[in-house]
Each structure stands twice: as C-alpha cells, then as structure tokens.
Amino acid sequence: MPETRPRLLLLDGHSLAYRAFFALPVDNFSTATGQNTNAVYGFTSMLVNVLRDEQPTHVAVAFDVSRQTFRLAEYSEYKAKRNKTPTEFSSQLPLIERVLTAFSIPFLKAEGYEADDIIATLVTQALADQTADMEVLILTGDRDSLQLVTERSTVLYPMRGVSDLARMTPTAVEEKYGVPPHRYPELAAIVGETSDNLPGVPGVGPGFAAKWISTYDGLDNVIAHADEITGKKGEALREHLGDVIRNRRLNALVTDLDLAMRPSEMALQPWNREAALELFDELEFRGELKTRTIETLAGEEPMEEGGFELEGRILGGGEITAFLEGLGDQVAGLHVRGSWAAGSGAVDGVGLATADGQAGYVDLAGLTPDDESALAAWLADTTRPKILHDAKGPELALAAHGWRLAGVVSDTALTAYLAQPDQRSYDLADLTLRYLRRELKGEGDTDQGALFDDGADVASTAMLYARAVVDLSTALEGELDRAGGSQLLTEVELPLVHLLASMEETGIAVDLDHLTSLEQHFGDEVRNAAEEAFAVIGKEINLGSPKQLQVVLFDELGMPKTKRTKTGYTTDADALQGLYVKTEHPFLLHLLRHRDVSRLRQTIEGLLKTVQPDGRIHTTFNQMIAATGRLSSTEPNLQNIPVRTEEGRRIREAFVVGKSVDGIGFECLMTADYSQIEMRIMAHLSEDKLLIEAFKSGQDFHSITASRVFDVAPDDVTTEMRAKIKAMNYGLAYGLSAFGLSQQLGIEPGEARGLMDEYFETFGGIRDYLGGVVEEARRTGFTETIMGRRRYLPDLTSDNRMRREMAERMALNAPIQGSAADLIKVAMLHTQRAIEEQGLRSRMLLQVHDELVFEVAQGEREALEAVVRERMGGAADLAVPLDVSVGTGASWHEAAH
DNA sequence: TATGGTACGTA
DNA sequence: CGTACGTACCATAT
C-alpha cells in the first residue's frame, strides 16, 4: 500500500443545501407524505460525488446555527435583504443531519458564528499541523471562503445547479478575479456582496477593484491613497470608504474558534448502511443516487472479520452425502455452473453455501453413483430449502441432466424484479454490489482471474456466488416486504418459474414442410412485388431503405411530404396509405405489398432457424422484463406471430399438434383466451355500474357500450357507432387522447373530443377511476395492481411536460395491464395444478398475454376444456364474470375461434 | 463491428 | 399526440 497523503474535505452544509434548494424543482422532490427533499437530495448527491471523485481521508460538515451572529451584532443590516428562510428549506436541515449521521460524517456548529468561520478555523488548524501534511478541500457555495485558498487548500465551488464544480486553486482565483486568494475579501469589500446586504462602491466592479488592489498593493494602501484615484470611480470610493472598511471587517473569517473536534479526529468512518438505506427509503431516494451512494461508500465499510471467507471445499467422491446431510434444513444458496437455452441445458458443477459460512462445490465430472443419487435426492427434496438467482435456466440445465429441482423458497432475481420492476437487468454481481457492498468477481471477468482459471477458482467462485445469493435474498426480501410484494413472489412468480421451465422444455411442434413451402411462396411474392415496383419507377433501389425511398417518393415522384421523423420523412405503412389515397401512384401499392410479404418471409425465416432437432420450437419466456408484470418471449418471440391478416394466419397453420411421445398421443391443440380482459378489469377497478352491467348482460360488449353512449336501442347500433366505441374501449386503458382517437378513426379532433365527453358522461365511474389512478400515483409515487404489484413512476412529478404525460399514461395503463398479467399467471398455475391433480397428460405450451395454448393428449379434449374454463374463469373474483373462449384444432390457426 | 433509428408483428 | 414487448434492417459511427 502506498502511503497516501491525508486529505481533509470540509463542506459548508448550509450554503450547499441552499443552492440545491433553488437548483432543484420542489415538485420533483417530495415524498408521499409531502416532505420536500430537493435540498437533502441535492446536498447528498454533491456529497457522494465529491467523496467518490476526491477520495478524502477526513471529512466534516459545518452549519450555521442561526442568524444571530457577531456580524449581525456589529451591523444590523447584515443579510437583512435576504428573504425569510422558507420552511420548505429549514424542514430539510434535520434530514441532512440524519444523512450525515448515517454516513458517519461529523458536523459542527458554533453559536454566533457562520459555517464559514468554522471552516476557516479548521483549515487553519489543518494547515498549521506540519507533521500531518494535510491537503484541504473546501466544498462551498459561499465566495467568502476563497480567502482560504492556498497551495495546499482548494475551494470547490458549484458552478451551475449542483453538478459541476469549479476547482479554485490560487492560480484559478487569480485568473478569475485578478487578485490572489488572500486579497479576495479586499476585492469583495470594494465590490460589495448583495446576498449579505453589504453594499460596495457604486459603479465599481471586480475589474477596477482588482486593478486598484494590485496597483497600490492591498486594500489598506488603496484606502490610504484614495485621494489619488481620479474620475467618477475615485469619487465614489472616497464617498463610500466607510462601507468598504466595514465590509472588510465583516467578511474576514474567524480562524480561532474553539471547536469540539480537530481535523485529525475527522478520519472517515464506516457508514451505517442499514440506517442510510432506511433513510433513503423514507426520503424515497431510489435508483441512481442509491446506487451511486452504495458504490461510493461500500469501500468505507469494515470488512467483516476474516473478510468473506467460506469454509468451502471441492467435494470429492463420497463426500457429498455427508455434506448435504450436514446442511440439514438450513436454507442453501445454489449457484449452478452450466449453460441453458431453448428449453434445455447442461450442468458443469454446482456451488452450495449457507448463511453460516459452510460451502461446497460439486464438479459433475467424477461423481460416484452414490454422489449422484444423493445430490439428485437433495435437489428434488421439497423440505430442503434452496435459493437461486434466476432459477429457470438452472432448472432447465439440471432437468437436462435428469435432475428435478424442488424446494426453491426464493429467487433473488425475481425478488429484485418485483421490488424494482423498471430495471433493465438483474445481474447478480450488480445486486450484490448495491445491496451487500461486496464485489463479486467471477468467471466472466476479463482480468487475470479468468485467464489463470483453474478448478479451484471455478469452485470458489461458484461457492461465493451461492453465498451471495443467500445474503442477497435477506436484503431483497426485506425491501420487497416493505413494498407489500412478498405474497406476489411466493404465490405467483416463484411457482411460475417451474411451469415456465416446463413449457420451454416442452416447446411447440412445427410443420417444417408447411413452413418451408410458405417461405418459398412469400419469397416469390417478394420478388414479384419488387419487380413490379422497379418497373414503375424504372430503376432498382433497396425497397427496405427508408432513405432511398424518401429520395424516390419525395424528390423524384414529388409526392407530398409526410410526417417528420428524426432523420427525414416517415415512410411507414400509414403514411404510404395516405399517399396512395392522394396520388394513386401504383408504386405505393407494390411497395406496401413488398413490405407485407418480406415481413412474413422474414418471420418464417426466423422461426425456421429456431426449430430444434426434436421438430419443435422452444421459446424462452422472460419473467423479469416487462415493468407491468407481463411475460415476454424471445428466440423466437412466439407472442407476436401474425394473426390479423389472412396471409399472416397461414404462419399459424405451421404450429401443430406434436407426434406422440412415450406412447402418449396428442389429438389437437387447444387455445383458451380471455375476452376483453382489460375492460373487465377496468370495470372491476372503477366499479362503474353501467359497465359492470354491460358485462353481466353477456351481449356483444362494444355494441352494448355503443348503445349506451349513443343512447339508442342495442339493435339500432350501426357498425359505424360500434367501430367508434370499440376504438374508445381499447384506447382507454392506454391513456388515449382526443387527438389519438381522431387520428385512428379518421375523424375531426372536435368530433373525437365530443365522443370522449359523451363516453365519460355515460361511464362516469371510468372517468373518476382513471383520474383517481393518476392522482394517487402522483401522491404515492407508484401504481398498484389487484395483487399489489407496484410500478414506480417518479416522472409523474416531472416538470418536463413530455415526461410527465408519458408517466401519466403509464400510470393509467400499468394497473390494468399488470392486473391482467397477475390474473393469467394465477390462471396458469391453477390450471396446471388441476391438470396434475386430475392426472391429465395434456401440456401447457404457450402464453400470449390473454391466451394459453395447450397440447391435448389423446382423449382429454373435454376434460381439459372443462379444467381450463373452470380455472381460467375462476382465477379471480371480480365484479364482472371472466369470459373464456376455447377452441381446438390440428394447428394453432385451426384452434383459434 | 456495435449502435440508433425506423418499421412492424402481437396483446 | 395510446401501453407493453422483440426482431429485423439500414445507416452511421467506430
């Protein structure tokens, strides 16, 4: 370790907080309980940044006590012009002190003096101690402190807002003001200081003041030679000499206060992580500042005794049984080394660890038959509690080895997702750093660790990961519990992991012949469309290039300009349709045709690439992507297979019932979907009488709502009326605007506005509900689904209109989309449970948000349909019935209804 | 070779 | 100027 020079960081708490208070918008920074936090936030943010960037060894913060200072006693007008400190500000000072206490940073006050004086005293003491050889940094928004700048002490002065700091060294001060630091107060005395209500010499700015000070070598000589200065400015100086002398007396900082602490006692101490994070929760500081704080202060924490040593070892042949028995019913963290994708995987080894420090690593190579069976039994034992990080992949890998995984009582990735559903990823190392202030170095790292990897490193890394999972789950579950999300974890998301794994493992059969012939067909269509398009314009271009298209459409063919995009004018399908209506140019038709068929071909090619040797496609369901709680599907995405057009639906013909396995034959596919699930949830949440009645009537929903809005008999609802209300019904849950509605229906914005008014007049409960959702979310900072799934929307209080309105639409949508997601997840679990209880061999294959796809075992069609109707229909007890429609057929297309 | 923008498929 | 996703391609920067 190189000897580091001690570095003392002193902050002027009052001036920094005051700056933050005016730099940050109040309405963006306040808690659900109405406590303003902009000053605390800004101060904390600056503090953390400077701790991170400057790496001080000693820190302290100085505060003003009150306005009763010796300066006021001497000059009754001191700071008199300053507005009365707003309570919104002063109420935050105790919070800042709590932050400092949690960070273990001392703060000082001195009756009758200002923070500046405390800092001046400490700087003087620090610099006087020759043996300590201390370097001093002063973070303050008060320019008076510039007089403290020396070769060994630097002022960091916030430039704009709270982000940029100017580094005021002696050279910097001289460059900016034209005088050396110790003469700065002399300059200030001449110029005056408005914020302190210290008037200077009128008409004299810093330039002239600096010139005088250097010409006469100091303020004393300027005063002595005041008679020699000519002109208006000289006259003004002579008239205001008294003010100047008074100013100089008042802006001199006191350097000999009797303080409770000396600089040497201010060595940085370990922070109180728990208290700090709890306080952050209370202040509703999330995300970036929290992460930055943890990353910055983690290094200051004491290493636990013995660091993070695990009593771990590589378990040799014959040792595994005893080791597993030794774990007893303790919760074990598991880290599976291996790979997984497309519903399968492979295991290389398994790291295990418990909270008491026991750990072991099992290398799959070289297991004795006894080891194998002991491990298999332990893994499958529901009474042996286990925690994993993102268990689905490991479960697939273990399954591929023939091992069943059961008794998973928690999953750290899922817990983190439920606690903060808007994160992009839930990487174990990131979470460990954030929540446990521990650096997890691992196999994936590109430092020496990976290059010189040997068996021991792999094993110890795996054990370390396993241990991290155990510790992390404690921290995360605390956070989730405080947010009321524990039930959602244990009763929905956690059990769903196993079901999703089995759906991925099963996959869905495809008709390769059909798929390849479709690819052929659409390939021909693409070529035809392209040829015809080229024939019209007399040359060949890349029809997939928006840039080349723009040249042809707007320059060469001179068509009217469409809506602007960042890079030019849009050529999307809507715009091309619009252009065709105006120009009837045949090129547009061929272009649109080309778009359609190339997309279909591309979809098919994507699917073909993912067909596994078993003739099935095994998608991956991601449970931790969508902030609303929905699943997503990748490689390939089976949740966006075309269905709207006739040609698109031909792709669905390629998803078929599979061949028999293990002697069990399958007779067909079955699809079961909820109808109008989101509107039903809205009816439930809003308790709108009329809407609930509409659903209970069981009639065509869009027609019945249209008949209400237009006040006509259900039989007199025209197709036009129905179409308009259908668009409204669908748009409502997305935060549709009158403009958006007019756009979609091709009607005047005024008419759309009237339609919406009429709709909300009819369904007042909906209007009240939607307004209430946003209002409450703005107050609490989050929305909530029927099952308590939260989504945090800090932008609801943004002063950026775009961001705020975006957040408002998210707030409208999240409870509805999210509740629907809760509901179908419960339905999946209940359906699967019933399938198992009744010993059915049929299998759940896919989930497409409001639809489930099953493979029906021979002879089980009726039984499965009954199960599905009962379990999906009964997934929740809402104010309206849950309507489920079911269809069967040899392909996904035929099973649609 | 990675990234952003555009476009478009689903609920 | 309607939410939530994933994928593909082009164009641009590296």
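Here is how names work: the chains are called A, B, and so on, in the same order as the sequence lines, proteins then strands, and each is numbered from 1.
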So, does [X] get its side chain near the phosphate of [N], meaning an N or O under 4.0 Å from OP1 or OP2?
X	N	result
A/Ser545	C/dC9	no
A/Lys547	B/dG5	no
A/Ser737	C/dG2	yes

Just call it for [X]: base, sugar-phosphate, or nothing, with non-hydrogen atoms closer than 4.0 Å on any strand.
X	result
A/Asn622	nothing
A/Arg601	nothing
A/Gly731	base
A/Ala733	nothing
A/Ala814	nothing

Nearest whole Å is fine: how far is [N] [atom2] from [X] [atom1]?
X	N	atom1	atom2	answer
A/Ile617	C/dT7	CD1	P	13 Å
A/Leu631	C/dG6	CG	C1'	14 Å
A/Met682	C/dT3	CE	P	15 Å
A/Ile625	C/dT3	CD1	P	19 Å
A/Asp822	C/dA4	CG	C1'	14 Å
A/His594	C/dC9	NE2	C1'	12 Å
A/Ile541	C/dA11	CD1	P	10 Å
A/Asn542	C/dA11	CG	P	6 Å

Would you list the protein and nucleotides 7-11 of chain B atom pairs, both N or O, that sit under 3.5 Å from each other?
{"from": "B/dA7", "atom 1": "OP1", "to": "A/Thr570", "atom 2": "OG1", "distance (Å)": "3.3"}
{"from": "B/dA7", "atom 1": "OP1", "to": "A/Thr571", "atom 2": "N", "distance (Å)": "2.6"}
{"from": "B/dA7", "atom 1": "OP1", "to": "A/Thr571", "atom 2": "OG1", "distance (Å)": "3.0"}
{"from": "B/dA7", "atom 1": "OP2", "to": "A/Thr570", "atom 2": "OG1", "distance (Å)": "2.9"}
{"from": "B/dC8", "atom 1": "OP1", "to": "A/Ala573", "atom 2": "N", "distance (Å)": "3.4"}
{"from": "B/dC8", "atom 1": "OP1", "to": "A/Arg595", "atom 2": "NH1", "distance (Å)": "3.1"}
{"from": "B/dC8", "atom 1": "OP2", "to": "A/Ala573", "atom 2": "N", "distance (Å)": "3.0"}
{"from": "B/dC8", "atom 1": "O4'", "to": "A/Arg599", "atom 2": "NH1", "distance (Å)": "3.4"}
{"from": "B/dC8", "atom 1": "O3'", "to": "A/Arg599", "atom 2": "NE", "distance (Å)": "3.2"}
{"from": "B/dC8", "atom 1": "O2", "to": "A/Arg599", "atom 2": "NH2", "distance (Å)": "2.7"}
{"from": "B/dG9", "atom 1": "N2", "to": "A/Asn640", "atom 2": "ND2", "distance (Å)": "3.3"}
{"from": "B/dG9", "atom 1": "N3", "to": "A/Asn640", "atom 2": "ND2", "distance (Å)": "3.0"}
{"from": "B/dT10", "atom 1": "OP1", "to": "A/Val643", "atom 2": "N", "distance (Å)": "2.8"}
{"from": "B/dT10", "atom 1": "OP1", "to": "A/Arg644", "atom 2": "N", "distance (Å)": "2.8"}
{"from": "B/dT10", "atom 1": "OP2", "to": "A/Arg644", "atom 2": "NE", "distance (Å)": "2.7"}
{"from": "B/dA11", "atom 1": "O3'", "to": "A/Val848", "atom 2": "O", "distance (Å)": "3.4"}
{"from": "B/dA11", "atom 1": "O3'", "to": "A/Asp850", "atom 2": "N", "distance (Å)": "3.2"}
{"from": "B/dA11", "atom 1": "O3'", "to": "A/Asp850", "atom 2": "OD1", "distance (Å)": "2.9"}
{"from": "B/dA11", "atom 1": "O3'", "to": "A/Asp850", "atom 2": "OD2", "distance (Å)": "3.3"}
{"from": "B/dA11", "atom 1": "N3", "to": "A/Arg630", "atom 2": "NH1", "distance (Å)": "3.0"}
{"from": "B/dA11", "atom 1": "N3", "to": "A/Arg630", "atom 2": "NH2", "distance (Å)": "3.2"}

- [ ] Map every base of DNA chain C to its dot-bracket character, where paired means a Watson-Crick or G-U wobble contact with both distances under 3.5 Å and | marks a partner outside the strand.
- [x] ..|||||||||||.
TODO: With sequence neighbours excluded, tell me which residues meet side chain to side chain donor-acceptor pair (under 3.5 Å) with A/Arg789.
DONE: A/Glu493, A/Asp822
TODO: Tell me which residues in residues 802-809 of chain A put a heavy atom below 4.0 Å from DNA chain C, sorted by number, or none.
DONE: A/Met806, A/Arg809
Open item on the list: Please verify the inter-ring angle class for A/Tyr730 with A/His702; under 30° counts as parallel, over 60° as perpendicular, anything in between as tilted.
Closed with: tilted
Just checking, any donor-acceptor pair under 3.5 angstrom between side chains of [X] and [Y]?
X	Y	value
A/Gln420	A/Gln423	yes
A/Asn622	A/Ser632	no
A/Arg791	A/Thr783	no

Between side-chain atoms of residues 755-774 of chain A and protein atoms elsewhere (two or more places apart, or another chain), which donor-acceptor pairs fall under 3.5 Å?
{"from": "A/Tyr759", "atom 1": "OH", "to": "A/Asn729", "atom 2": "OD1", "distance (Å)": "2.5"}
{"from": "A/Thr762", "atom 1": "OG1", "to": "A/Glu758", "atom 2": "O", "distance (Å)": "2.8"}
{"from": "A/Arg767", "atom 1": "NH1", "to": "A/Phe760", "atom 2": "O", "distance (Å)": "3.4"}

Task: Residues, nucleotides or ligands: over 12 heavy atoms within 6.0 Å of A/Glu748 CD - done: no
Open item on the list: Could you check whether atom CD of A/Glu687 has more than 12 heavy atoms from other residues, nucleotides or ligands sitting under 6.0 Å from it?
Closed with: no
Task: Test: A/Arg564 cationic atom under 6.0 Å from A/Tyr569 six-membered ring centre, within 45° of axis - done: yes
Task: Inter-nucleotide P distance (B/dG5, C/dC1), Å rounded - done: 15 Å
Task: Reference residue A/Tyr674; test side chain to side chain contact (heavy atoms under 4.5 Å, CB included); the match among A/Leu823, A/Leu852, A/Asp883 - done: A/Leu823
TODO: Taking all heavy atoms of A/Ala573 and all of A/Arg595, pick out the closest pair and write down the distance.
DONE: N-NH1, 4.0 Å
Open item on the list: Heavy atoms from C-beta onward define the side chain here; which of C/dA11, C/dC9, C/dG2 lies closest to that of A/Gln744?
Closed with: C/dG2
Open item on the list: Let's see if you can work this out: which of C/dA4, C/dC10, C/dG6 has an atom nearest to the side-chain heavy atoms of A/Thr628?
Closed with: C/dA4
- [ ] Find the distance between CD1 (A/Ile604) and CZ (A/Arg599) and round it off to the nearest 0.5 Å.
- [x] 12.5 Å
Task: salt bridge (Lys or Arg N to Asp or Glu O under 4.0 Å) involving A/Glu851 - partner list, sequence neighbours excluded - done: none
